[in-house]
**Q** 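Here's a structure for you.
Per chain, numbering begins at 1; letters A, B, ... match sequence-line order. The shown structure was predicted, so the numbers you read here are calculated from the model rather than taken from an experiment.
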Number of protein chains: 2
Amino acid sequence: MFVELDLQSEVPIYKQLADQLVEGIASGTLAPGQALPSVRTLAADLGINLHTVNKAYQSLKQEGFLEIHRKKGVIVQPGPLPTADETFKTRLRRDLRPLAAEALVRGMNEQELTELMQTLYRSIQNPPSEGGTSR
Amino acid sequence: MFVELDLQSEVPIYKQLADQLVEGIASGTLAPGQALPSVRTLAADLGINLHTVNKAYQSLKQEGFLEIHRKKGVIVQPGPLPTADETFKTRLRRDLRPLAAEALVRGMNEQELTELMQTLYRSIQNPPSEGGTSR
DNA sequence: TTTTTGTTATATTTATAGTATAACAGATAG
DNA sequence: CTATCTGTTATACTATAAATATAACAAAAA
């Protein structure tokens, strides 16, 4: 698994995990329908508790990014992914707001900030060489 | 005071307060050198505990956005504000990353996302008329 | 001197994060 | 059918953060 956790981070590890799975889906590293490790396997693999993995899986299932079946295990959403509806955009704006404000206060202009976002977006969409060559 | 808190929010209220003060500085609503209410006054004003206000003030002092003097009270940084150094940009990227990833997964393209950021930046820089009529 | 200021010190409550076990129930492979 | 692996649920415990509640201290200014 490509997941890397920082146990010292202030960011909860279940969120780090969930974030990296979303990023995997975003980049195509995780294909629709692809199976993910079981909660126990991944927990052992990452050296954390199975409930922590389960919490990440549950939140992504709740959002519609994963499907979870009994013995089938956990798979990446094979059908249509959730959309950028108004609910999401509202939350997105709320989360971006303090970041944009601090960037502004610190003297970043509009172009610097949007370009940073652009660069970030592209680096996620086309990650810098993930083990395998193509897809 | 223009601060509005959502006590039901998952965002800690000390952070809501700190964020809104930063936004005030960003927009110019809070001018350099301007005095802020005392921790007790603002706490009473907002209906929260003085330690919660103090925590917000301390974090902003730590970052360099505020100065705190004994009897003088708290004032907006009159000198040069902190800059967008690499430390900040690294943190900024780390915080933006999961938001950009989810936006991407939900089908927002690069332009939509950067435009949303642009709109946000501008609305902070030039806020849509503060409640009061004059000044 | 008195008041107001930030500051420090405790203490308590509540919620979240993370771990640790254990057990349950459905699906599948043997 | 049986054994195993799956997600799931339940409980319990520890640690930490957030928020509140009092109280007191020390510096600055009126």
Side-chain angles (χ1 to χ4, degrees), chain A residues 1 3-21 30 33-78 91 94-95 98, chain B residues 1 3-21 30 33-78 95 98:
Chain A
M1 205 66 185
V3 176
E4 284 183 15
L5 302 178
D6 178 5
L7 301 183
Q8 311 308 318
S9 170
E10 72 230 32
V11 182
I13 59 185
Y14 81 90
K15 183 172 189 303
Q16 293 183 44
L17 175 54
D19 285 347
Q20 290 184 42
L21 292 176
L30 296 177
Q34 179 173 341
L36 293 181
S38 75
V39 289
R40 288 176 178 85
T41 301
L42 186 52
D45 195 20
L46 297 175
I48 61 179
N49 191 275
L50 99 175
H51 290 109
T52 307
V53 175
N54 190 246
K55 190 171 180 178
Y57 278 176
Q58 285 299 326
S59 70
L60 295 181
K61 168 192 171 190
Q62 187 63 28
E63 282 201 88
F65 294 130
L66 298 181
E67 276 187 5
I68 304 183
H69 305 93
R70 274 292 165 184
K71 172 75 175 186
K72 203 61 176 278
V74 181
I75 63 174
V76 177
Q77 177 60 253
R91 172 164 62 86
R94 189 201 62 185
D95 291 347
Chain B
M1 203 67 186
V3 177
E4 285 183 16
L5 301 178
D6 176 6
L7 301 184
Q8 310 308 319
S9 170
E10 72 230 33
V11 181
I13 60 185
Y14 83 90
K15 183 171 190 301
Q16 293 183 45
L17 175 54
D19 286 345
Q20 291 185 41
L21 292 176
L30 297 177
Q34 179 174 341
L36 294 181
S38 75
V39 290
R40 288 177 178 82
T41 301
L42 186 50
D45 196 19
L46 296 175
I48 61 178
N49 192 275
L50 99 175
H51 290 109
T52 306
V53 175
N54 190 247
K55 189 170 182 179
Y57 278 176
Q58 286 299 327
S59 70
L60 294 180
K61 168 192 172 190
Q62 187 63 28
E63 282 201 88
F65 295 131
L66 298 181
E67 275 187 5
I68 304 184
H69 305 91
R70 274 293 167 183
K71 173 77 173 183
K72 201 63 176 280
V74 181
I75 63 173
V76 177
Q77 177 61 252
D95 291 347

**Q** Specify the separation, in whole Å, of atom CG of A:L17 and atom C1' of C:dG18.
**A**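 Atom CG in A:L17 sits about 13 Å away from atom C1' in C:dG18.
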**Q** With a 4.5 Å cut-off on side-chain heavy atoms, are A:V11 and A:D6 touching?
**A**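 They are not in contact (no side-chain heavy atoms under 4.5 Å apart), so the answer is no.
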**Q** For a quick check, with a 4.0 angstrom heavy-atom cut-off, what is the B/S/- contact string for nucleotides 21-30 of chain C, read 5' to 3'?
**A** B-B-BSSS--
**Q** The side chain of A:P12 is closest to which nucleotide in this list: C:dG18, C:dT7, D:dT6?
**A**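 Per side-chain heavy atoms of A:P12, the pick is C:dG18.
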**Q** Let me know the distance between CG of A:N54 and P of C:dA17, rounded to the nearest Å.
**A**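 For the pair A:N54 CG and C:dA17 P, the rounded distance is 14 Å.
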**Q** Once you round it to whole Å, what is the distance between C1' of D:dT20 and CD1 of B:I48?
**A**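 Distance check: B:I48 CD1 to D:dT20 C1' gives 11 Å.
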**Q** Using the test side-chain hydrogen bond (donor to acceptor under 3.5 Å, both in side chains), find all partners of A:K15 that sit at least two apart in sequence or belong to another chain.
**A**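 So A:K15 forms a side-chain hydrogen bond (donor to acceptor under 3.5 Å, both in side chains) with A:D19.
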**Q** Expressed as a whole number of angstroms, how long is the span from B:L42:CG to C:dT4:C1'?
**A**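 From B:L42 CG to C:dT4 C1': 16 Å.
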**Q** Rounded to whole Å, please give me the gap between CG in A:L7 and C1' in D:dT16.
**A**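 In whole Å, D:dT16 C1' and A:L7 CG are 16 Å from each other.
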**Q** With sugar-phosphate meaning primed atoms plus P, OP1 and OP2, does A:K15 contact a base, only sugar-phosphate, or nothing at under 4.0 Å between heavy atoms?
**A**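 A:K15: no heavy atom of the nucleic acid under 4.0 Å.
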**Q** Sequence neighbours excluded, which residues qualify as side-chain hydrogen bond (donor to acceptor under 3.5 Å, both in side chains) partners of A:E10?
**A**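 side-chain hydrogen bond (donor to acceptor under 3.5 Å, both in side chains) check on A:E10 returns B:R94.
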**Q** Kindly state each residue pair satisfying salt bridge (charged side-chain N to carboxylate O under 4.0 Å, His left out) with at least one member in residues 50-69 of chain B, sequence neighbours excluded.
**A**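 Sorted result for residues 50-69 of chain B: A:R106-B:E63, B:E63-B:R91.
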**Q** Please list, one pair per line, the donor and acceptor atoms closer than 3.5 Å that link side chains of residues 36-48 of chain B to other protein atoms, with sequence neighbours excluded.
**A**
residue, atom, partner, partner atom, Å
B:S38, OG, B:T41, N, 3.1
B:S38, OG, B:T41, OG1, 2.8

**Q** With a 4.0 Å cut-off on heavy atoms, is B:E67 in touch with a base, just the backbone sugar-phosphate, or nothing at all?
**A**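 It contacts nothing in the nucleic acid.
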**Q** Rounded to the nearest 0.5 Å, how far apart are CG of B:L17 and CG of B:L60?
**A**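 Nearest 0.5 Å value for the CG-CG distance: 7.5 Å.
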**Q** Using atom CD of B:Q62 as one end and atom P of C:dT7 as the other, report the distance to the nearest whole Å.
**A**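 In whole Å, C:dT7 P lies 12 Å from B:Q62 CD.
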**Q** Tell me: CD1 of A:I68 to P of D:dT6, nearest whole Å?
**A**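 A:I68 atom CD1 is separated from D:dT6 atom P by 13 Å.
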**Q** Below 4.5 Å, heavy atoms only, C-beta onward: do A:L21 and A:L30 meet side chain to side chain?
**A**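 Yes; the side chains approach each other to less than 4.5 Å.
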**Q** Taking N or O atoms only and anything under 3.5 Å, show me the protein contacts with nucleotides 13-16 of chain C, one pair per line.
**A**
none

**Q** For a 4.5 angstrom cut-off between non-hydrogen side-chain atoms, does B:Q16 reach B:V3?
**A**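 Answer no - side chains too far apart.
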**Q** Pick base, sugar-phosphate or nothing for A:Q58, based on heavy-atom distances below 4.0 Å to the nucleic acid.
**A**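 Since only primed, P, OP1 and OP2 atoms lie under 4.0 Å of A:Q58, the category is sugar-phosphate.
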**Q** Which atom pair, heavy atoms only, marks the closest approach of B:A18 to B:S59?
**A**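 Where B:A18 meets B:S59 most closely, the heavy atoms are CB-OG, 4.2 Å.
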